[in-house]
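Read the structure below first, then the notes.
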Amino acid sequence: MGKSQMLSGRLFDSRVHSKNVEGKEKWLGYLLGPCGALLLNAVLATYLNVYYTDVLKLTTVWGGAFLVVFPLVSKIIDAVTNVLMGYIIDRTRTKQGKARPWLLLSAPLLFVTGLLLFIVPSGNLTMQIVWVMGSYNLFYSFAFTIYNMSHNLMCPLSTRNTVQRGGLSVFNQISTIMMSGILVALVFPMAIMPMLGVDKSRWIVVMGILSGIALPLTLLEYYFTKERVTEEQMGTDEKKIPFLTQLKVVLTDKYMLVTFAYFLIYTLASSLKNIGLVYYCNYVLGTYNDGITQMLVSVIGGIPMGLGIFAVWPLAKKFGKRNVTLWGFVLYSLGSLVCWLFPTNLPIVLVGQFIKNIGGLPCAYVFMALFADGLDHIEWKSGIRCDGTAMSVYNIIAVAIVGVSTALFNAMISGAGYIAPELVDGVTVAAAQPDAVKNVITFAFVGLESVTGVILAVLLVFLSVEKTIARKQEMIRERQKAAALARGEEWVAPEVQAEIDEKKFRQEGERIFAEELEAKCRKKGLDYAAELEKHKRAVAEADEKKAEKKRLADERAAAKAARADAKRALKLSRLTPEQLAAREGKAKRRQARDDAAWAVEREKGEAFYTKIQAELAAKQS
């Protein structure tokens, strides 16, 4: 887009103006707004393959090869579009930011392509195959790629405040886990799936409604998000960064490589689990669309995801995002192993799922905050933002592994002799599956995650990016200040500029309100001065309430800190002089190790920064 004037009108402006993340941004932009697209995607992740195997009966096409080959070929296309989308986002320059404009475009695309997935023509098999491949790629390689990349970048681009960014990450995941999870895990297996069966017309109606819901909610996400990190560079002559340079920076960074490896392994296991869920509940643990088994597995096992909203971020702040996630995967593996050992015992499976999901809490709620730390680390190390490029690699892994998982699952059940259900006199009739089919379904749903949980816990040992992120963000700020002074400009800190902008927005809003009020009073014969005074009193009262709310919050935070200090002082007072000396010595040694490690990392980082900046200068000269 370059420095486009597109979307410069007030109609497209964000409804968020504050320098800090506020309630409406959390609730509307990061929780409610994403629900539509994420709900649609969650339903497709669980049931689209069921539609292909049970409703369209494509398991026998090309001798069973179609549902194996077509997902793999489609994901190659998807990978290419993800690279292209990352390139485009990093070069998008508009008043609304670089990722948010693509949220706006994705809203209507999700609706149209989501519906096309299910209105597959009947009768002609060749036409069906062409339609399935075309609609699948229009949704996943085009519409959802645009949405998913821009959506995933909103948290990293929202703010540099790691606490606020972590809070947004939690709200972002609530929309996935709680909102869409309730429908996919509770309403669908209990009420929707028994009603749908293998009746194609009913599938089209239900999926059309879900696709329609995504349109207004995605628009809500667009209007109630804000790219504060992008706005820091607005008004400056930003250097054009070659894509290959950005790719090099991303793919040579140790933290990003660990993050990508982590995501690849996690996505492989979770994708197979998601695809296998319906089949496991239909053929191993319960009966076909019985309305109970899948609901119990998803909801009882998923209760920790609801409770974890209140626990996971305080734990992450106290012990570190990486550490909490690491130990969570130990529980994750243990819970999956319990299910694998007793796959047909419903009570034991529910206990195993409960344990597993407790372990999965940190991964679900704080991972994007860790990813955002990694993006800030890259900016410190290289001097350039690589958000779109990093997200394109992230999404390539996601789409490629989902394709591999779908192909692998379909190959396993086809090879084992899967028997699709039939519609007899308007009633869905499912056959009993061979033991070989039940075994591969069980491995897909619970077996693989018991192994990958251990692998992920070990991998996270090497993801220590958050340890020095505060120091790196301070250095980024110093560089921004030095660059502004070098251009002969007055340095204004981003948070100060945000405060100035917020005041300006409020003044402009009040001016517009006064003009509209005057016209209204003239039309209705009201006393303009009296009505304006009434409005000013209401605004003043609202400001007072807001200030009082902030004062009370500050008091509570101060009281909490005081209690923590008192508790710490009491604990120290009970130690002997020898114990105190040993404790202080241990703390000093730890600090010395941290300082030494930071000195080495800083030296390497500054050398890399100098190298990259020299390469950029040479290419631009």
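We number each residue from 1, following the sequence as shown.
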note = Nearest heavy-atom contact between D253 and K381 is OD1-NZ, 3.3 Å
ask   = Are the side chains of R322 and L326 in touch, meaning some heavy atoms are under 4.5 Å apart?
value = yes
Single hit among D13, T225, T230 for side chain to side chain donor-acceptor pair (under 3.5 Å) with Q96 = D13
key: S150 vs Y222, side-chain contact (heavy atoms from CB on, under 4.5 Å): CA-CA, chis, key distance, verdict   = CA-CA 10 Å; S150 50; Y222 169 79; over 6 Å; no
message = Donor-acceptor pair, distance only, cut-off 3.5 Å: does the side chain of N148 make one with the backbone of F144?
response = no
Those residues that, when tested against K26, pass salt bridge (Lys or Arg N to Asp or Glu O under 4.0 Å) (two or more places apart) = none
message = Once side chain to side chain donor-acceptor pair (under 3.5 Å) is applied, do any residues pair with E541, and if so which ones, sequence neighbours excluded?
response = none
ask   = Under the salt bridge (Lys or Arg N to Asp or Glu O under 4.0 Å) criterion, do D554 and R551 qualify, and how do the steps go?
value = CA-CA 5 Å; D554 291 343; R551 185 186 67 79; over 6 Å; no
query = Side chain of E466, backbone of G320: donor and acceptor closer than 3.5 Å?
reply = no
ask   = Is there side-chain contact between I88 and W102, with at least one heavy-atom pair below 4.5 Å?
value = yes
query = Is there a side-chain contact between K534 and D527, using heavy atoms and a 4.5 Å cut-off?
reply = no
request  = For the residue pair I89 and M85, establish whether any side-chain heavy-atom pair is separated by less than 4.5 Å.
outcome  = yes
inquiry  = I need the single residue from V312, L460, L361 that forms a side chain to side chain contact (heavy atoms under 4.5 Å, CB included) with T325. Which is it?
reply    = L460
ask   = Who are the side chain to side chain donor-acceptor pair (under 3.5 Å) partners of T145, not counting sequence neighbours?
value = D78
remark   = Closest non-hydrogen contact found for L115 with G208 is CD1-CA, 3.7 Å
inquiry  = Can you list everything that forms a side chain to side chain contact (heavy atoms under 4.5 Å, CB included) with T267? Sequence neighbours excluded, please.
reply    = F263, S271, I401, V402
task = Taking the side chain as every heavy atom from C-beta outward, state whether M154 and L103 have any pair of such atoms under 4.5 Å apart.
result = yes
request  = State, with a plain yes or no, whether a side-chain heavy atom of M256 is found less than 4.5 Å away from one of V393.
outcome  = no
ask   = Can you list the residues that meet the salt bridge (Lys or Arg N to Asp or Glu O under 4.0 Å) rule with E490, with sequence neighbours excluded?
value = none
task = Quick one: list whatever passes side chain to side chain donor-acceptor pair (under 3.5 Å) with N41, sequence neighbours left out.
result = none
ask   = What's the verdict on side-chain contact (heavy atoms from CB on, under 4.5 Å) for L40 and I213, showing C-alpha distance, side-chain angles and the deciding distance?
value = CA-CA 9 Å; L40 177 60; I213 291 172; over 6 Å; no
Salt bridge (Lys or Arg N to Asp or Glu O under 4.0 Å) between D565 and K560, intermediate numbers included = CA-CA 9 Å; D565 290 341; K560 183 178 180 180; over 6 Å; no
ask   = Should F139 and L44 count as side-chain neighbours, where that means a heavy-atom distance under 4.5 Å?
value = yes
query = Looking at R228 and E25, does any basic side-chain N land under 4.0 Å from a carboxylate oxygen?
reply = yes
inquiry  = Suppose we screen for side chain to side chain donor-acceptor pair (under 3.5 Å). Which residues come up paired with K520, at least two apart in sequence or across chains?
reply    = none
key: CA sep, side-chain torsions, deciding dist, call: L215, L110, side-chain contact (heavy atoms from CB on, under 4.5 Å)   = CA-CA 7 Å; L215 174 58; L110 289 171; over 6 Å; no
inquiry  = With ring-ring contact (aromatic ring centres under 6.0 Å, His included) as the rule and sequence neighbours excluded, what pairs involving residues 465-486 come up?
reply    = none
Any donor-acceptor pair under 3.5 Å from Q473 side chain to D376 backbone = no
ask   = Is a side-chain N or O of N274 found less than 3.5 angstrom from the main chain of S270, in a donor-acceptor match?
value = yes
query = Short question: side chain of D373, backbone of V465 - any donor-acceptor pair under 3.5 Å?
reply = no
task = Report the residues that fulfil side chain to side chain contact (heavy atoms under 4.5 Å, CB included) with L11, sequence neighbours left out, ordered by chain and then residue number.
result = Y223
query = Among all residues two or more places apart in sequence or in another chain, which pass the salt bridge (Lys or Arg N to Asp or Glu O under 4.0 Å) test with E533?
reply = none
key: Heavy-atom closest pair, residues V250 and C386   = CG2-CB, 3.7 Å
Check against side-chain contact (heavy atoms from CB on, under 4.5 Å), F188 and V206 = CA-CA 10 Å; F188 255 76; V206 171; 4.0 Å; yes
inquiry  = A side-chain contact here means heavy atoms from C-beta on lying under 4.5 Å apart; do V229 and T159 qualify?
reply    = no
query = Nearest heavy-atom pair of L109 and I146: which atoms, and what distance?
reply = CD1-CD1, 3.9 Å
query = Mind checking whether Y332 and Y266 have parallel, tilted or perpendicular rings, split at 30° and 60°?
reply = tilted
key: Pairing residues for W598 by the ring pair (Phe, Tyr, Trp, His ring centres under 6.0 Å) criterion, not counting sequence neighbours   = W380
Y609 atom OH, over 12 foreign heavy atoms within 6.0 Å = yes
ask   = Does R100 use its side chain to pair, donor to acceptor, with the backbone of E227 at less than 3.5 Å?
value = no
task = Go through the structure and list residues passing side chain to side chain contact (heavy atoms under 4.5 Å, CB included) with K467, not counting sequence neighbours.
result = D594
ask   = Any donor-acceptor pair under 3.5 Å linking the side chain of K24 with the backbone of R15?
value = yes
ask   = What's the shortest heavy-atom distance between K226 and S14, and which atoms?
value = CB-OG, 4.4 Å
note = All heavy atoms of F12 vs all of L104, minimum pair found to be CD2-CD2, 3.8 Å
ask   = Taking the inter-plane angle between the rings of H151 and Y147 on a 0 to 90° scale, is it parallel (under 30°), tilted (30 to 60°) or perpendicular (over 60°)?
value = parallel
ask   = Counting only heavy atoms not in W491, do more than 12 sit closer than 6.0 Å to its CH2 atom?
value = yes
